[in-house]
Amino acid sequence: MLPLPSPITSVPVTSGLLCQKFALANGLVVLITENPIADIVSARIFVGAGNTREPLGQAGVAYLMAATLTKGTHRLSSAEIAEQVESVGASLGVERAPDYFLLSLKTVSEDFLDILSLAAELLQYPSFPASEVELEKKLALQSIRAQQEQPFTLALKGLRHSLFPPGHPYIQTGPGDPDQIAQLQPADLHQYHQTYFRPDNMVISLSGNLKAFEAVQYCQQVFGDWPVPEQPLLPPDGLQPVEAMAASMGSSSNISITTQPSQQSIVMLGHLAPSVQEPDYAALKLLYTYLCSGLSSRLFVELREKQGLAYEVSGFYPTRLGPSHFVVYLGTAADNTAIALAKLQAEIDRLSQQPLATEELETAKSKLLGQYVLGKQSNAQLAHLMGWYEALGLGIHYDQNFPKQIASLDVEAVYQAACQHLQQSHISLVGSDTAVQPWLAPS
């Protein structure tokens, strides 16, 4: 047996718990947070794949691979895999995200090695049975058709096509492009798998009743002989900085209109926003919290409670490796579409017309930092957060750096971030012909 590696670094995460980082000889990174309170181990296995790694013309291959990875290996059928997991009460699931692919599992400590061994077999030797691939393609296409009738999905699709250049991976609002999914074959999934599923492109993050040396020993036992391919791993496409992304869009339209018979409208405003690795990321996260987080948020209080303009009002600012998008939206009665858009735009404009009051800034800080601490209570949350930081290239010390960045923000820094990133709004409207008539081009 190969000697066990020593920890590269470590960082305290919460309540005296320590996350330690190791690296196997084949480049696979292992993170372990020992937590003996409950006899459970949660694991998150991140692979540098996802939408950003999909080949041109195969938008949906990452989704389809996630849907079929557990449907068979070189020696196990789908039923045998399910039986192995469920017979010990464990859970195992896979999903894809824009910047990564994720396998999640949870089990009691006694069965952890068996379930980890199964996960290793799924990740290294998937068979992608043709019948299962065809079934998942049909389900994916049904899902896409269903989403095409949902006002929110239509609004988001229009907004992303306005924000991002054609073919960009962050445009996707569902499984992928239906025409391209229909053409995918098991050979395409095998090619995608062989290209990106490799030990030097993977992070295993564990949290639970497991000693660090046991965790490393188990990972080395089931992943240690996985060789690194000779071909180099290319970086994902389309992740240039915000400024370059905005320049590449040139004079493209910043408004999207979708008509749909309805008594309600969706009004959505979006802005290109910094990636997680850019300086203003923390300031935009704080602005998102101020505007959209909870029943005391600015948009909820002003537009829903005081003005009664919205049956739903919120927003999102997803964390991305490449330029992200800062979005606010509301659902309103068709007759209120125009005034709702004006009021929502006014709230965005206000951020770059006057700085937040000191009290507003401090309240948003306290809310965001409190939510951050509450997001690290379970083994699954800890495993996910630490593995996510490592997979994004931020490293496990970002768990300490992010709260420090938030705490150090002052009124002027937040104001400058708003001035830089929230100036030009992209608009997406979904509603009846009458509701969106003012923005329709004359025929």
Side-chain angles (χ1 to χ4, degrees), residues 51 54 59-60 62-63 96-98 137-182 249 252-273 288 291-292 299 303-304 309-318 320 323-345 347-348 424-443:
N51 303 127
E54 290 179 329
Y63 173 89
R96 68 86 173 85
K137 283 167 60 175
K138 291 179 181 177
L139 295 174
L141 295 175
Q142 290 174 9
S143 174
I144 292 171
R145 284 193 290 271
Q147 290 179 3
Q148 287 173 344
E149 300 175 0
Q150 297 173 0
F152 178 85
T153 303
L154 289 171
L156 182 57
K157 180 180 179 180
L159 183 71
R160 286 181 174 171
H161 278 83
S162 173
L163 286 168
F164 297 103
H168 194 282
Y170 293 167
I171 283 180
Q172 286 189 29
T173 55
D177 182 277
D179 294 334
Q180 295 177 27
I181 288 177
M249 293 298 289
S252 60
S253 173
N254 68 340
I255 185 166
S256 169
I257 307 295
T258 304
T259 60
Q260 185 185 61
S262 174
Q263 298 300 311
Q264 298 175 335
S265 298
I266 296 292
V267 177
M268 190 174 283
L269 298 181
H271 306 77
L272 277 178
Y288 160 76
L291 282 177
C292 306
L299 294 186
L303 301 185
R304 188 179 191 281
L309 283 174
Y311 62 83
E312 177 187 14
V313 59
S314 191
F316 48 90
Y317 172 35
R320 294 283 186 267
S324 185
H325 45 315
F326 187 99
V327 178
V328 294
Y329 67 90
L330 56 78
T332 188
D335 292 345
N336 287 333
T337 303
I339 189 172
L341 174 58
K343 294 292 185 181
L344 192 60
Q345 183 67 70
E347 290 296 333
I348 290 294
Q424 182 182 3
S425 296
H426 291 249
I427 302 168
S428 183
L429 302 176
V430 175
S432 66
D433 287 340
T434 303
V436 303
Q437 184 62 41
W439 298 275
L440 291 175
S443 58

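None of the values given here were measured: they were computed from a predicted structure. Residue numbers run from 1 in the order of the sequence given.
Ring geometry for Y317 versus F326: interplanar angle of 30 to 60°, hence tilted.
Counting only distance, with no hydrogens or angles, the side chain of H325 and the backbone of V327 share no donor-acceptor pair below 3.5 Å. In terms of modelled atom types and a separation under 3.5 Å, the side chain of R96 and the main chain of N51 share no donor-acceptor contact.
Expressed to the nearest 0.5 Å, how far OH of Y63 lies from CG of L139 amounts to 7.0 Å. L299 CG to R304 CZ: the interatomic distance, rounded to the nearest 0.5 Å, is 12.5 Å. Note that CD1 of I266 and CD of Q150 are 10.5 Å apart. Values are rounded to the nearest 0.5 Å. Note: T173 OG1 to Q148 CD = 8.5 Å, rounded to the nearest 0.5 Å. Rounding to the nearest 0.5 Å places OG of S428 at 9.5 Å from CG of L269. Atoms CZ and CE, on R160 and M268 in that order, are 9.0 Å from each other to the nearest 0.5 Å.
Heavy atoms only, all atoms of each residue included: H168 and Y170 are closest at ND1-N, 3.0 Å. The shortest heavy-atom contact between I171 and P166 is CD1-CA, 4.3 Å. Contact detail for L440 and D433: the closest heavy-atom pair is CD1-O, 4.4 Å. Of all non-hydrogen atoms in Q147 and T153, the two that sit nearest each other are O-CB, 3.4 Å. Residues V436 and G431 approach most closely at CG1-N, 3.9 Å, considering heavy atoms.
S256 is linked by a side chain to side chain donor-acceptor pair (under 3.5 Å) to nothing, counting only residues two or more places apart in sequence or in another chain. Every residue two or more places apart in sequence or in another chain that forms a side chain to side chain donor-acceptor pair (under 3.5 Å) with Q264 is listed here: Y311. Looking at residues two or more places apart in sequence or on another chain, you find a salt bridge (charged side-chain N to carboxylate O under 4.0 Å, His left out) between K137 and E134. A search for side chain to side chain donor-acceptor pair (under 3.5 Å) contacts involving K157 returns nothing, not counting sequence neighbours. Residues satisfying the side chain to side chain donor-acceptor pair (under 3.5 Å) test with Q345, not counting sequence neighbours, are D349, S425.
Side-chain contact check for Y329 versus L159: every heavy-atom pair is 4.5 Å or farther apart. Looking at heavy atoms from C-beta onward, R145 lies out of side-chain contact with P178 at the 4.5 angstrom threshold. Side-chain contact check for C292 versus F316: every heavy-atom pair is 4.5 Å or farther apart. Residues V328 and V313 have side chains not in contact (no heavy-atom distance under 4.5 Å, counting atoms from C-beta outward).
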| message | Please evaluate residues W439 and I427 with respect to the criterion side-chain contact (heavy atoms from CB on, under 4.5 Å), reporting the C-alpha separation (whole Å), side-chain torsions for both, the decisive distance (0.1 Å), and the verdict. | response | CA-CA 10 Å; W439 298 275; I427 302 168; 5.9 Å; no

| message | For L291 and I348: C-alpha separation, side-chain torsions, deciding distance, then whether side-chain contact (heavy atoms from CB on, under 4.5 Å) applies. | response | CA-CA 9 Å; L291 282 177; I348 290 294; 4.0 Å; yes

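Between the side chains of Q180 and E54, not a single donor N or O lies within less than 3.5 Å of an accepting N or O.
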Got a list of side-chain donor-acceptor pairs under 3.5 Å for residues 330-338, not counting sequence neighbours?
{"residue": "T332", "atom": "OG1", "partner": "L309", "partner atom": "O", "Å": "2.5"}
{"residue": "T337", "atom": "OG1", "partner": "S265", "partner atom": "OG", "Å": "2.8"}
{"residue": "T337", "atom": "OG1", "partner": "A334", "partner atom": "O", "Å": "2.7"}

